[in-house]
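Let me begin by presenting the structure, written as structure tokens, before commenting on it.
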Amino acid sequence: MRYWLMKSEPSDVSIDDLASMPKQTVAWYGVRNYQARNFMRDQMRVGDQVFFYHSSCEQPGIVGIAEVCKRAYPDATQFDPASKYFDPKATPETPRWFNVDVQFVKKTRLVGIKELRSYPELASLRILQKGSRLSITPVDPAEWKFIMGIL
DNA sequence: GCCAACGTTGGC
DNA sequence: GCCAACGTTGGC
């Protein structure tokens with residue numbers, strides 16, 4: 001079982017949005033970065049634990065816990081010309097983009113990026129590295145355990 | 001809105 | 001295969 005951190009813009013899908021979805025699950029559509037795609041497609045398994053992170057907003061930070069509830073499958077939005085995630089080079093025979101589904105586990109207090117940066121134990125957390133923009137990153141078990149301990 | 005850091009694209 | 005130009009991310 002692996003641990004992850006997944007960024008979402010709350011104006012798109014917030015932790016509260018997830019909590020109020022039917023079955024409290026959501027397809028993690030719209031990822032258009034190969035590294036992030038590969039994490040979902042090749043490494044994520046049902047049951048993997050996820051920190052839900054709000055990005056590009058007033059208070060960026062971890063806001064909840066989710067878990068992977070469905071293995072990766074082709075992202076439907078890549079085939080939809082009306083979608084902003086449409087990819088003309090993708091076909092159902094050779095899909096380019098994949099997504100998992102995640103399920104709400106619980107909300108946490110907001111652990112802001114500034115607070116995350118303040119802990120030496122989290123010095124190597126991927127999203128805190130200079131220039132890091134990946135929307136999906138692995139979290140080491142020790143990092144996961146530490147953050148769970150400060151929630 | 002700014003801008004640093006990255007990723008992608010496409011001409012050569 | 002190089003690399004300049006362009007687009008995106010995301011904290012501030």
Side-chain angles (χ1 to χ4, degrees), chain A residues 2-21 25-44 48-68 71-140 142-144 146-151:
Chain A
R2 289 187 163 95
Y3 302 105
W4 306 93
L5 184 146
M6 298 175 82
K7 297 179 188 174
S8 182
E9 300 187 15
S11 60
D12 184 9
V13 180
S14 71
I15 188 72
D16 288 323
D17 292 334
L18 175 60
S20 56
M21 295 278 182
T25 69
V26 71
W28 209 269
Y29 62 84
V31 169
R32 294 296 181 267
N33 169 283
Y34 290 105
Q35 243 186 301
R37 177 204 68 181
N38 292 347
F39 283 140
M40 280 199 286
R41 188 191 59 186
D42 304 335
Q43 296 193 30
M44 283 195 184
D48 280 7
Q49 300 293 112
V50 175
F51 285 130
F52 194 106
Y53 182 96
H54 281 174
S55 67
S56 296
C57 59
E58 285 199 7
Q59 295 187 294
I62 292 169
V63 292
I65 313 271
E67 74 175 48
V68 176
R71 277 285 293 279
Y73 58 95
D75 180 336
T77 62
Q78 70 192 306
F79 310 126
D80 176 6
S83 169
K84 68 169 178 173
Y85 297 115
F86 177 63
D87 184 342
K89 292 181 180 168
T91 67
E93 293 73 32
T94 55
R96 179 180 290 200
W97 306 109
F98 293 79
N99 65 262
V100 298
D101 289 359
V102 304
Q103 179 159 37
F104 177 78
V105 174
K106 65 177 181 179
K107 288 178 72 170
T108 66
R109 73 179 179 89
L110 169 74
V111 185
I113 188 164
K114 194 174 169 188
E115 180 182 345
L116 291 170
R117 284 193 196 284
S118 74
Y119 300 113
E121 293 88 344
L122 299 179
S124 57
L125 193 69
R126 308 300 193 287
I127 57 154
L128 300 182
Q129 305 311 304
K130 186 173 180 173
S132 167
R133 298 185 314 177
L134 258 192
S135 62
I136 298 176
T137 49
V139 173
D140 294 338
E143 293 167 339
W144 180 274
F146 179 81
I147 293 170
M148 292 300 280
I150 59 165
L151 292 177

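Every chain is numbered from 1, with letters handed out A, B, ... down the list of sequences.
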Review point. Side chains of A:Tyr3 and A:Asp140: does their closest heavy-atom pair fall under 4.5 Å?
Key: no
**Study point:** Sidechain-backbone polar pair: A:Ser55 side chain, A:Lys7 backbone, donor-acceptor under 3.5 Å
**Key:** no
Practice item. Name every residue in residues 120-130 of chain A that has at least one heavy atom under 4.0 Å from any atom of DNA chain C, in order of residue number, or write none if there are no such residues. Key: none
Check your understanding: Of all residues at least two apart in sequence or in a different chain, which pass the side-chain hydrogen bond (donor to acceptor under 3.5 Å, both in side chains) check with A:Asp75?
Key -> A:Arg32, A:Thr77
For residues 126-133 of chain A, run the donor-acceptor check on the side chains, cut-off 3.5 Å, and write out each pair with its distance to 0.1 Å, sequence neighbours left out.
from: A:Gln129; atom 1: NE2; to: A:Ala123; atom 2: O; distance (Å): 2.9
from: A:Gln129; atom 1: NE2; to: A:Leu125; atom 2: O; distance (Å): 2.9
from: A:Ser132; atom 1: OG; to: A:Arg126; atom 2: O; distance (Å): 3.2

Review point. Are the ring centres of A:Trp28 and A:Tyr73 closer than 6.0 Å?
Key: no
Check your understanding: Under 4.5 Å between any side-chain heavy atoms of A:Phe98 and A:Arg37, yes or no?
Key -> yes
Review point. Can you check whether A:Phe51 and A:Trp4 have ring centres sitting under 6.0 Å from each other?
Key: no
Point to revise | A:Arg96: partners by side-chain hydrogen bond (donor to acceptor under 3.5 Å, both in side chains), with sequence neighbours left out | key: A:Tyr34
Review point. Between which nucleotides of DNA chain B, read 5' to 3', does contact with chain A run, using atoms under 4.0 Å from its heavy atoms?
Key: B:dA5 to B:dT8
Check your understanding: Does some side-chain heavy atom of A:Trp97 sit less than 4.5 Å from a side-chain heavy atom of A:Asp87?
Key -> yes
**Study point:** Of residues 87-96 of chain A, the positions that come close to DNA chain B - non-hydrogen atoms, cut-off under 4.0 Å
**Key:** none
Exercise for review: Give a yes or no on whether the ring-centroid distance for A:Tyr119 and A:Phe146 is below 6.0 angstrom.
Suggested key: yes
